[in-house]
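These notes are about the structure you will find just below.
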Amino acid sequence: MGYPFQDIEHKWQTYWAENKTYRVAQPSNKPKFYVLDMFPYPSGAGLHVGHPLGYIASDIVARYKRHKGFNVLHPQGYDSFGLPAEQYAIQTGQHPAITTETNIKRYREQLDRMGFSFDWSREVRTSDPSYYRWTQWIFSLLFDAWYDKKQNKARHIEALIAHLEQYGTKDLEAVCDADTPTCTAQEWENMDKGQKQMLLLYFRLTFLAETEVNWCPALGTVLANDEVVQGVSERGGHPVERKKMKQWSMRISAYADRLLEGLDAMDWPEPLKEMQRNWIGKSVGSNVRFTIENSERQIEVFTTRPDTLYGVTFLTLAPEHEWVHELTTIEQKLEVDAYIAQSAQRSERERMSEVDRISGVFTGAYALHPLTKEKLPIWIGDYVLAGYGTGAVMAVPCGDQRDFDFATHFNLPIKNIFKGVDVNEAAHTAKENTIIDNSDFLNGLSFTEATQKVIKVLEEMGMGKGATTYRLRDAVFSRQRYWGEPIPVYYIDGKPQLVPDECLPLELPEVSKYLPTADGAPPLGNAAEWAWDTKQNKVVSNLKIDHKTIFPLEKNTMPGWAGSSWYFYRYMDAQNPNAFAGEEALNYWREVDLYLGGSEHATGHLLYSRFWQYFLFDFDLVPVANFAKKLINQGMILGESAFMYRIPETQTYLSKGLCKGKNVIPVHVDVSLVSAQNELNIDGLKKWQPHFSDANFELENRKYIVGREVEKMSKSKYNVVNPDAICDQYGADTLRMYEMFLGPIEQAKPWNTAGISGVSNFLNKFWRLFHDGDAFNVSDEHPSKDSLKTLHKTIEKVTQDIEQFSLNTSVSAFMIATNELTSQKCNHRKILEPLTILLAPFAPHICEELWSLLGYKSSITTATYPIPNPDYLQDDTKKYPVSFNGKMRFTLALSTSLSKDEIEVAVMGDDRTQSYLDGKTPKKVIVVPNKIVNIVV
RNA sequence: GCUGAAGUGGUGGAAUUGGUAGACACGUUGGACUUAAAAUCCAAUGAACAGUAAUGUUCGUGCGGGUUCAAGUCCCGCCUUCAGUACCA
């Protein structure tokens, strides 16, 4: 029988909870270490074995650092605003807060069973008013801020107002978007309050604007770009369409450059940084203006290849471009209108599946080339996107493949401007080693030279200038949902006003229904009390709205990423009623030292959080701009789904081996009904879902064998493995070690219990080593040299592995050590003590028990981490490859303690060496740094 | 298409970063204990060939080349898988 893990685990979990063992002292004179997991959304399905992978790894580091003498902050909490609880509320009428509370309770039970060392006194929940009060506060801060490009930081809006009073919008061009109105100081002074407010909205870091958004009719809400996957909503897979709406946005684009440049210095995984770089998508080039024939208008295009300006043969505008209607000639009008209507109808999804399709229409208008004054036809094509650059391109068919295809398709001219390059078949897109030709003053220049020269000439002419564009869009911040943070804003004559800071939190009101209202307003429109009384400074009934002192409140709520963009600071000082975190706490903990989470958050949470941190840093509210020193992406644990195979239109299921060449429909079955050998438990199946009771099964070798496929773990695929079941059968320590043993932490892998007995055996063996029957049995004698060697080798290896985050190999190191100690029959106290502390981060319960059997109190605070003794680490011999006259012949074991002369002797003394030497005396023996012994005869 | 990661036994995965490939574990086979089973312990286990045997030889890290005394590791060219992204001018 194995060791009594159930008793032990229960005993210590109770002990830790009662003694508040993991509560963190602050401040402390110890060095700090902050290790954090991305907090979970508490879903109704509970935790599956995939969730804890990262938590176990971070818990191991946290426990290790504690033993190493660090003051470790290792908190946990819940990202508890979210769509599923709201959808459940819509279906059942149960308040999302109740659903959330229930789910959190379940999560907590599951987490506690795995023996995590979280300091629960610092728990945060994003849906708790005492928490989202500060989310709202940061929103207000962003509202009262603008980005000063000259100082390259965010500043208070008062500084902008001062500027406007003195200079108007002069010198602010670089700060704002192209469509920002301009004014003089005088004009500013003459504006009324509302007009001023509207102008300021063009500068505020969170602002209200008419934006084209991803509208999901099925969910009744707006989705962020990263919540839309392949044209359908990430959650639920509903279709998404483009729609213009008045929305709150966050001016993340102001930080595009800093977000990009900041990446270089960060210790985050390179693939993740690359994803963020692509997402920000910086392109350097220039804007070029083209005068329209017979018009005052100029069309501005963005290009990354100004050097190819002489290769332009036509212009293409996006169908949504604002001047399309104005430009189109009467003859072309019908055709153009039809094209615009048709492309507006095409969904994102269709656009994507028809990438190859070339479509477009001529407007009838012409532009003039800024240098040659040639007439260039203006076309419309949906390969040009309204939302990127200026929504217009200069088409250079010889240098861009899409322009080339478009030109070929519509028989437009193609002009070659590259020396010695054939552009009859395809465009020449390479920049390097290309010489510009046929381009007047640019002839003979390279890409770089030509680019610089063209931009200079265009700038002198006033027809263009160097420009940079980003793919990164401002983030839409409004959601038409109930279960989110209320936006602390009310409206006077449609102009947004902040709810005063001292009145926060602005708490979520009760509503009669969680659906949008009949007239399409968000769910908060259903609230009876949702108006702001500016006299009393409180929420009052909607009926009292008089637009004099009582005004309507904002009905949108914040998106899911709002609360998760700053939560790591709240853990530092979770109970503080006066600040999001106190100064003392912020200056002590500073930033997260190690952050663990999935790479799926690369362009969402991790980018938005960086944005907010830069902003808070600009306002001197946090000590560092970078919130996480080191980041590790743990790989996802996938499920191994099981399938039965049904013959269509029957209740007959074929065992996997019988399906060959037959038309069968795979049907998911619950993985808990399947053995490790893929045999289906048919009786269990019939009990699981009664409609299988009259099914027929065609067996092979009297067994029904299921098919397997690796998929994401999900309730609907019946492939979820609950960690509780593993804890029941093997214990939490085994689960913890097995999840680490599965492979490198960063790697995605399917969950498979095939190997778990190996880890379980190891813990039992380790236990038995120090037990005689049921009795604890250690020897106080001095351990043998071999045992000490085993011990110190293991200390060194495991310590290195934890530092390098190679936790799978450290589990192996423990297994090797236990095997060696077993064969040495070593049960010495002096071995067990350090080994227990070494193993404690991985298997805390069994180690606490052994530690107390050794006669000590809880190891968490009393034990210090062992240090390897180098005396026991040296091997007696080292193996060197030996080469003769530069040719390697064989490997020779040499004592490490030998001097250079002695090495020669050792070489000479070896039989095989002698036979190679063939009686000759070596001229010299060279020991080179890479451990090769060279013998020159 | 672009960007990134990865391809090693029947399986999960090691390999001190250029130096005995396959650690550790699962699985499999054989053995011990047992009336029996479970549990536990011991041994073998990349492939092929030769040998009664100890052992020896050859081949082996997706494919094809290259550098080197020496390549899973470095270089060049391919193939495959996974992830992100996509008419981004």
Side-chain angles (χ1 to χ4, degrees), chain A residues 1-2 226 229-230 269-279 281-283 285 288 301-306 308 315-316 318 351-352 354-359 381-385 387-396 399-403 405-406 429 469-472 599-600 602-603 633 635-636 638 676-677 710 737-738 741-744 746-762 764-765 768 796-797 800 806 808-819 822-823 879-893 930-932 934:
Chain A
M1 269 281 115
D226 40 306
V229 178
Q230 309 220 316
E270 200 50 51
L272 187 138
K273 292 205 277 186
E274 199 56 35
M275 268 197 245
Q276 293 207 343
R277 283 189 195 107
N278 290 337
W279 192 259
K282 181 175 181 172
S283 311
V288 183
V301 304
F302 173 73
T303 178
T304 54
R305 297 291 305 273
T308 62
L315 302 185
T316 314
R351 278 204 187 193
M352 274 203 272
E354 295 170 25
V355 165
D356 300 335
R357 203 180 81 165
I358 296 164
S359 74
D382 65 3
Y383 79 97
V384 181
L385 304 177
Y388 185 78
T390 60
V393 301
M394 58 177 224
V396 185
D400 183 284
Q401 192 56 43
R402 286 175 325 248
D403 294 345
D405 294 339
F406 197 85
T429 53
T469 42
Y470 299 88
R471 206 186 78 100
L472 182 71
S599 61
E600 67 270 20
T603 55
N633 288 132
M636 205 184 319
L638 304 163
Q677 286 73 44
V710 174
M737 293 198 84
Y738 183 58
F741 184 70
L742 273 175
E746 300 92 343
Q747 202 171 298
K749 56 224 151 200
W751 176 259
N752 185 333
T753 47
I756 199 167
S757 60
V759 174
S760 177
N761 286 346
F762 150 71
N764 282 320
K765 245 187 207 174
R768 274 200 309 272
E796 167 145 293
K797 171 80 177 139
Q800 263 178 22
S806 169
N808 55 330
T809 51
S810 42
V811 176
S812 294
F814 283 118
M815 292 179 175
I816 295 168
T818 307
N819 288 343
T822 304
S823 63
K879 286 165 183 172
Y880 297 114
V882 176
S883 70
F884 284 85
N885 295 341
K887 302 263 183 206
M888 215 278 272
R889 291 301 161 94
F890 55 87
T891 307
L892 186 62
N930 61 352
K931 299 179 192 168
I932 299 173
N934 276 310

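By convention in this document, chain letters (A, B, ...) are assigned in the order of the sequence lines, proteins followed by strands, and residues within each chain are numbered from 1.
Nucleotides B:G60 and B:G10 place their P atoms 16 Å apart, quoted to the nearest Å. The C1' atoms of B:G9 and B:A15 are separated by 15 Å, rounded to the nearest whole Å. One C1' atom belongs to B:U45, the other to B:A39, and the distance between them is 23 Å to the nearest Å. Using P as the reference atom, B:G46 and B:A54 are 15 Å apart when rounded to the nearest Å. Separating the P atom of B:A43 from that of B:U35 is a span of 25 Å, rounded to the nearest Å. Between B:U52 and B:A37, the distance separating the two C1' atoms is 37 Å to the nearest Å. Only the C1' atoms considered, B:C59 is 24 Å distant from B:C78, to the nearest whole Å. Only the C1' atoms considered, B:G18 is 13 Å distant from B:C75, to the nearest whole Å.
Using a 4.0 Å heavy-atom cutoff across all strands shown, A:K797 reaches no nucleic acid atom at all. Residue contacts shown for A:S757 are limited to sugar-phosphate atoms, with no base heavy atom under 4.0 Å away. Nucleic acid contact for A:N761: sugar-phosphate only, since backbone atoms but no base atoms lie under 4.0 Å from a heavy atom of the residue.
The CD atom of A:E600 sits 16 Å away from the C1' atom of B:A5 (whole-angstrom rounding). The interatomic distance linking A:I756 (CD1) with B:A25 (C1') rounds to 12 Å, in whole Å. Atom CG in A:D403 sits about 11 Å away from atom C1' in B:C87, given to the nearest Å. Here the P atom of nucleotide B:C2 and the CD atom of A:E274 are 15 Å apart, to the nearest Å. Per the geometry, CG belonging to A:N764 stands 7 Å off P belonging to B:U40, to the nearest Å. Distance, A:F302 CZ to B:A89 P: 7 Å, rounded to whole Å. Atom C1' of nucleotide B:C26 and atom CH2 of A:W751 are separated by 14 Å, given to the nearest angstrom.
Considering only heavy atoms from C-beta on, A:W751 comes within 4.5 Å of A:L742 through its side chain. Between A:K273 and A:Q276 the shortest side-chain heavy-atom distance does not fall below 4.5 Å. Within the 4.5 Å cutoff, the side chain of A:N633 has no heavy atoms near those of the A:E600 side chain.
Between A:F406 and A:Y383, the ring planes are tilted. Angles from 30° to 60° get that label.
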Using Watson-Crick and G-U wobble pairs with both distances under 3.5 Å, what is the 5'-to-3' dot-bracket string of RNA chain B, with [ ] for crossing pairs and | for pairs outside the strand? (((((((..(((......[....)))((((((.......))))))(((((....)))))..(((((..]....))))))))))))....
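Under the rule for a salt bridge (Lys or Arg N to Asp or Glu O under 4.0 Å), the partners of A:R305 that lie at least two apart in sequence or sit in another chain are A:D307. Contacts of A:T818 classified as side chain to side chain donor-acceptor pair (under 3.5 Å), with partners at least two apart in sequence or in another chain: none. Every residue two or more places apart in sequence or in another chain was checked for a salt bridge (Lys or Arg N to Asp or Glu O under 4.0 Å) with A:K749, and none qualifies. Residues passing the side chain to side chain donor-acceptor pair (under 3.5 Å) test with A:E274, sequence neighbours excluded: A:R277. By the side chain to side chain donor-acceptor pair (under 3.5 Å) test, A:S806 is found to be paired with A:T809, residues two or more places apart in sequence or in another chain being considered. Listed by chain and residue number, A:R402 satisfy the salt bridge (Lys or Arg N to Asp or Glu O under 4.0 Å) test with A:D400 (two or more places apart in sequence, or in another chain). Qualifying salt bridge (Lys or Arg N to Asp or Glu O under 4.0 Å) partners for A:K282, counting only residues two or more places apart in sequence or in other chains: A:D257.
Two residues, A:A392 and A:M275, neighbour RNA chain B, and the one matched to the more 5' nucleotide by heavy-atom proximity is A:M275. If you find the closest nucleotide of RNA chain B to A:M815 and to A:P271, the one lying nearer the 5' end belongs to A:P271.
For B:U28, the base is anti relative to its sugar; the glycosidic angle deviates from 0 by more than 90°. In textbook terms, a nucleotide whose glycosidic angle is within 90° of 0 is syn, while B:G27, being further out, is anti.
Between B:C87, B:C41, B:G4, one nucleotide has an atom nearer to the side chain of A:L385 than all others, and that is B:C87. With B:G4, B:U85, B:A25 as the choices, the nucleotide that has an atom nearest any side-chain atom of A:W279 turns out to be B:U85. Considering only side-chain atoms of A:I816, the nucleotide from B:A89, B:A23, B:A5 that sits closest is B:A23. Listed nucleotides: B:A89, B:A5, B:U40. Nearest to the side chain of A:T304: B:A89.
Side-chain atoms of A:N819 and base atoms of B:C24 include no donor and acceptor less than 3.5 Å apart.
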Under 3.5 Å between N/O atoms: give me all the protein pairs with nucleotides 7-13 of chain B, atom names plus distance.
unit_1: B:G12; atom_1: O2'; unit_2: A:L742; atom_2: O; d: 2.9
unit_1: B:G13; atom_1: OP1; unit_2: A:Q747; atom_2: NE2; d: 2.6
unit_1: B:G13; atom_1: O3'; unit_2: A:N808; atom_2: ND2; d: 3.4

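The phosphate of B:C41 (OP1 or OP2) has a side-chain N or O of A:R768 nearer than 4.0 angstrom. Distances shorter than 4.0 Å separate some side-chain N or O of A:R471 from OP1 or OP2 on B:A86.
Shortest non-hydrogen contact noted between A:T316 and A:A395 is OG1-CB, 4.3 Å.
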